[in-house]
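The analysis underlying the following values was restricted to heavy atoms, covering all of them including side chains, and did not include hydrogens, waters or symmetry mates. Letters A, B, ... mirror the listed sequences (proteins, then strands); counts begin at 1.
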There are 2 protein chains.
Amino acid sequence: MKIKKEVTIYDLAKELNYSPSTISRALNNHKSISKKTIKLIKEAAAGMGYRPNNLAAGLRNNKSNTIGVLISRINRPFMASLISGIEETARKAGYNVLISQSNDMYENEVSNCNALYDSRITGLIVSLSMETVDMAHFQKFIDQGIPIVFVDRVPDNFNSYKVVIDNYTAGYSATKHLIDQGCTRIAHFAGAQHRNIYEERKKGYLDALRESGLPIRDELIIHFKTLSFEEGNKATKKLLKMPEPPDGIFSANDTAAVSAIMCAKKMGVEVPQELAVIGFNDDPIASIMQPSLSTVSHPASKMGAISAKRILNHSGQNYDADLTEITVLGTEIIVRDSSLKRTRMLRSKTS
Amino acid sequence: MKIKKEVTIYDLAKELNYSPSTISRALNNHKSISKKTIKLIKEAAAGMGYRPNNLAAGLRNNKSNTIGVLISRINRPFMASLISGIEETARKAGYNVLISQSNDMYENEVSNCNALYDSRITGLIVSLSMETVDMAHFQKFIDQGIPIVFVDRVPDNFNSYKVVIDNYTAGYSATKHLIDQGCTRIAHFAGAQHRNIYEERKKGYLDALRESGLPIRDELIIHFKTLSFEEGNKATKKLLKMPEPPDGIFSANDTAAVSAIMCAKKMGVEVPQELAVIGFNDDPIASIMQPSLSTVSHPASKMGAISAKRILNHSGQNYDADLTEITVLGTEIIVRDSSLKRTRMLRSKTS
DNA sequence: TTGTAGGCGTTATCAT
DNA sequence: ATGATAACGCCTACAA
């Protein structure tokens with residue numbers, strides 16, 4: 001097939017009897033060009049079907065108008081909403097979004113990192129893989145003055161922009177809520193402890209128990225690898241078979257919390273009467289399952305938007321100093337049926 | 001801050017006493033370069049921290065190693081899995097993925113289309129917005145020999161690659177299943193009829209009724225704009241208040257089906273005994289809610305992988321001919337509790 | 001306000 | 001097997 005020749009600023013220049021530089025300036029709204037000329041040139045450009053070549057502009061500027069995103073998996077409600085927030089904000093500012101998923105594997109994270117770097121992205125937004133410990137693969141961005149925003153799963157040994165929620169308080173409040181409901185043997189589904197968000201949630205859990213004078217029982221703290229449905233199922237089965245089973249579970253994510261409820265049901269354990277459950281994230285499923293799942297809100301889309309804005313605002317600032325700008329968002333406990341031991345008002349309300 | 005000078009093939013050339021061309025060829029595994037030299041050069045490149053510049057290579061080749069994705073919304077289970085499938089396949093082949101969401105608005109689709117074009121993507125994967133009717137914005141890709149793969153929500157007045165499921169058969173089978181369960185007044189939640197996937201599902205529904213000798217009642221066919229939870233809720237309420245309410249609903253997506261079940265519960269209508277429901281997509285929620293939702297499988301990730309492969313395999317072939325290569329995937333009815341009127345085996349099985 | 005010219009990093013062509 | 005050179009499209013000092 002014949003491929004149509006693309007229109008360049010040279011073609012426009014010839015057509016309109018201007019120099020290419022004037023065309024270029026006009027298209028970029030350069031102040032030295034009169035409104036009239038700009039309008040004329042832009043209309044001609046549109047008429048001739050001109051489309052800018054980001055590759056050429058990017059090469060010239062050594063930077064593409066692109067934000068890179070590096071996450072574990074796209075098809076998780078939290079991540080999908082995070083990306084959605086990033087995309088929306090970036091798009092409005094005329095930026096594109098390049099995505100990549102590590103599937104929670106360090107090796108993938110490194111190679112995706114390189115792939116994004118090779119595309120000369122304007123900035124990088126990262127939620128670390130479960131495995132990642134070493135952070136060397138991010139250094140080259142810093143060396144080039146390319147801003148990195150870590151979001152949700154952030155490192156604590158690397159200075160950069162960070163966007164997180166207050167995981168400690170969230171963990172504390174979630175646990176406190178269960179205690180308020182009368183739970184005394186509260187289990188915790190903990191995430192990988194080298195990811196500080198999970199460490200913080202657990203700390204909040206521990207402190208809530210301590211403050212209430214409840215004993216900390218190691219056998220009720222289950223350390224998960226990925227907080228998957230399967231892991232949750234297995235853990236719950238084991239817990240409920242204990243001589244003194246827990247009467248409450250605080251899970252570090254909704255997926256595992258849901259599996260706990262389903263497992264309990266199957267084993268004939270009533271939720272919330274015999275076992276109260278609270279999750280984390282407020283996935284869509286939380287409000288729909290029955291009993292509906294109490295959980296902690298996690299403003300995914302907003303975190304994405306903030307992360308993108310960080311990149312957009314960065315432009316040329318230097319942030320390699322030992323300066324770490326952290327944005328901490330609040331969360332709230334969303335009380336639904338799965339943790340309401342005492343009163344049962346709102347029973348059928350979807351929330 | 002000081003920005004480190006980036007290493008280019010010229011630096012490598014100087015360092016190794018080769019010409020830039022040789023370096024370039026070696027890095028691209030050109031056959032005229034000996035294995036030994038390639039190894040030498042690649043090792044030096046890695047040692048010196050060389051990273052290729054996709055922008056420059058892309059400009060030179062007038063094509064970036066990037067696949068563009070244009071969808072309605074990322075944070076929908078089907079879409080997230082679709083993207084995930086695309087990303088995984090693209091990544092393995094060394095391609096990047098640029099995403100954009102239209103939020104189901106025509107105007108956004110057009111401008112995103114342009115933004116992706118400006119980045120000189122290798123190929124475009126599209127699931128049309130609900131609004132889109134005119135297809136002119138895609139023409140420029142065809143003119144440049146850039147392949148387009150339409151997936152799921154595809155046009156029927158535009159020749160290109162397409163990846164779809166057999167919506168007619170799916171709609172037929174879903175409806176037939178309800179009939180087999182003894183339903184005689186089956187309602188249908190239909191999507192926007194100018195999107196052929198919804199038209200096909202409806203056709204299947206109608207034919208299933210006809211073949212079974214059941215009357216087609218217009219008042220039981222509800223046309224939705226977006227098949228949202230709210231729309232589903234409203235429609236269900238109206239249906240159940242009819243003098244002769246339906247005893248079955250075939251919804252063109254799971255979201256609306258879930259809302260139907262929840263609405264029915266609230267109104268004291270038993271599912272499936274009084275009202276059987278079957279959805280479409282097999283969203284994660286379908287197997288977890290109670291009663292679990294019968295639905296039609298929709299191989300999102302696989303469709304994404306196939307779409308990406310289409311682009312990767314295209315390389316230079318001409319497909320502007322009046323040739324439309326369509327890949328049709330099969331689906332299957334997933335029977336769960338929400339439609340099992342008669343027998344109740346497997347009651348507590350999650351599916 | 002507009003034009004000229006050089007270069008961003010890479011690769012393909014042509015030559016050796 | 002390797003090298004020299006031009007070109008991809010755009011932007012921006014510098015000049016006018």
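B/Tyr10 places its OH atom 11 Å from the C1' atom of C/dG7, with the value rounded to the nearest Å.
Two residues, B/Thr37 and A/Tyr50, neighbour DNA chain D, and the one matched to the more 5' nucleotide by heavy-atom proximity is B/Thr37.
Taking 4.0 angstrom as the limit, B/Ser24 places a side-chain polar atom (N or O) nearer than this to OP1 or OP2 of C/dT11. Dashed line: the shortest gap from a side-chain N or O of A/Thr22 to OP1 or OP2 of C/dT2 is not under 4.0 Å. For A/Ser32, no side-chain nitrogen or oxygen approaches OP1 or OP2 of C/dT2 to under 4.0 Å. For C/dG3, one of the phosphate oxygens OP1 or OP2 lies less than 4.0 angstrom from a side-chain nitrogen or oxygen of A/Ser19. Contact check, B/Asn61 against D/dC8: no side-chain N or O comes under 4.0 Å of OP1 or OP2.
Taking the six-membered ring for Trp and the full ring otherwise, the centers of B/Phe150 and B/Tyr161 sit at least 6.0 Å from each other. For B/His137 and B/Tyr117, the distance between ring centers is not under 6.0 angstrom.
Here A/Pro20 lies out of heavy-atom contact (under 4.0 Å) with every strand. Counting non-hydrogen atoms under 4.0 angstrom, B/Lys31 reaches the backbone sugars and phosphates but no base. Among the protein residues, B/Tyr18 comes within range of the sugar-phosphate backbone only, with heavy atoms under 4.0 Å from sugar or phosphate atoms but none that close to a base. Residue contacts shown for B/Asn17 are limited to sugar-phosphate atoms, with no base heavy atom under 4.0 Å away. Among the atoms of the strands shown, none is found under 4.0 Å from any heavy atom of B/Asn62.
For A/Ser21 and C/dT4, a side-chain-to-base donor-acceptor distance below 3.5 Å is present, hydrogens and geometry of angles not being considered. A donor-acceptor contact under 3.5 angstrom links the side-chain atoms of A/Arg25 to the base of C/dG3.
A/Arg73 and B/Glu87 are not joined by a salt bridge, as no carboxylate oxygen comes within less than 4.0 angstrom of a charged side-chain nitrogen. A salt bridge links A/Arg153 with A/Asp104; the closest basic N to acidic carboxylate O contact falls under 4.0 Å.
Heavy-atom minimum distance, A/Val69 versus A/Leu124: N-CD1, 4.4 Å.
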